[in-house]
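So the structure is just underneath, and the comments pick up after that.
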Amino acid sequence: MIGELTNKYLRMDRLPHMWCPGCGHGIALGALLRAFDRVKIDKDKTVILSGIGCASRAVGYLDFSTVHTTHGRALAFATGLRLLRDDVKVIVIMGDGDALAIGGNHFIHACRRNIDITAIVLNNQIYGMTGGQSSPTTPQSRLSTTTPYGNFARAFDFCNLAIGAGATYVARATAYHASLMTELYANAIKHHGFSFVETFTQCPVNYGRRNKFPDPASMLQYMKDISVPFKVAQNMGSDELQGKIVIGELIKEKEDVELNEVVRERIMKFRGGAQ
Amino acid sequence: MSQSSHLEPVVNRAFCKGCGICIEFCPANILEFDEQRKCRVTDPEKCIKCYQCEMRCPDFAIELVEKGEKK
């Protein structure tokens, strides 16, 4: 199964990929390939963009039209592309630092505009590529090279930020829940409007090594232990949910006007009905 | 995915980086490290075709294929 998919959707001459042994980004990329197969994606009608970082290296392996953009600005590029070409699917792959720290402003405004883009954020809770500095999603009291006494600040809740900013599809999965991840990616690609899937992945080298996770499998096991499905979480208090990861589809709105439709409608209106 | 009983896990040694995720999560316990710290299938007959290894392998290195078919 995965062999056929890698041959179909990946640049095989680029493999094996540059991610460290046990990196969760590979699991997420595999789930994305299965989602592509499930929605029968048209390779010639899909553009995949990314910023800078470990997660953003995924576009180097995907055999689509891909754009490797500047740090944090992938969503800005994607918005421009989507406004110009409403016949292509636009998918953006970002890391947590890319999407939230450097590109935080672009992220909330893409959510607000409700433009038809699928944003996939691979959240490994650390800046992996540059040597393990703490990122906005590093949990409190966790160690990194810039927080040797434990992270003092609280971590961002990515999905709540997206919901607050107005995204119409928000979901979360972890690298342990690979089949759920496939399902969420497929639903996000099918969704009309801004869709956002946060994926917790493990960084065994720069995060796990400093935080007493001896191997990648123990990080996956930890993700399994602290995950709570969305339906179960609704009956739990905020005290019980402290330190847990709520997984599944958090919000899915159906009838909302996408930005591109508004723009085309206005253009028609001000041109007096003529194209 | 076919539920055929003619499937067996095959490891692509060129891709395997030896992270041990498949070995840890295999419910049938038929995977282990070899002398070069890459994944090895000890007893393909005992495979229960759950696809846990294929789904979680970050390197696309392990796959369930038809018996006799080499990757």
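All chains are named by letter (A, B, ...) in the order of the sequence lines, taking the proteins before the strands, and each is independently numbered beginning at 1. Here the structure is a predicted model, which means the values were calculated and not measured.
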So how far is it from [X] [atom1] to [Y] [atom2], rounded to the nearest 0.5 Å?
X        : Y       : atom1 : atom2 : value
A:Met219 : B:Cys19 : CE    : SG    : 12.5 Å
A:Lys224 : B:Phe25 : NZ    : CZ    : 7.5 Å
B:Met55  : A:Ile27 : CE    : CD1   : 9.5 Å

* Atom CZ of A:Arg14: over 12 foreign heavy atoms under 6.0 Å ->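 Incorrect, the count does not exceed 12.
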* Heavy-atom count around A:Lys252 NZ within 6.0 Å, excluding the residue itself: above 12? ->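 It does: A:Lys252 NZ has more than 12 such atoms within range.
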* Asked: Within a strict 4.5 Å, meaning less than it, do heavy atoms of the A:His17 and B:Lys17 side chains meet?
  ->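 Yes, close enough: below the 4.5 Å cut-off.
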* Asked: Would you call A:Trp19 and B:Asp59 a side-chain contact if the rule is heavy atoms closer than 4.5 Å?
  ->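 SC-SC contact between A:Trp19 and B:Asp59 ruled out.
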* **Short side-chain to backbone donor-acceptor contact, B:Arg56 and A:Tyr176, under 3.5 Å** =>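 Here the side-chain-to-backbone pair exists.
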* Look only at the side chain of B:Glu54 and the backbone of A:Ile2, and say whether a donor-acceptor pair between them is shorter than 3.5 Å. =>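 Yes; judged by distance alone, with no hydrogens or angles, the pair exists.
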Report which part of [X] has an atom under 4.5 Å of a heavy atom belonging to chain B: side chain, backbone, both, or neither.
X        : answer
A:Ser179 : both
A:Glu4   : backbone
A:Ala28  : neither

* Asked: Who wins among A:Leu15, A:Leu5, A:Thr6 for the most heavy-atom pairs under 4.5 Å with chain B?
  ->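 Going by pairs under 4.5 Å, I would pick A:Leu15.
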* Looking at B:Gly20 and A:Ala217, what are the two nearest heavy atoms and their distance? ->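 Closest approach of B:Gly20 to A:Ala217: O-CB, 4.4 Å.
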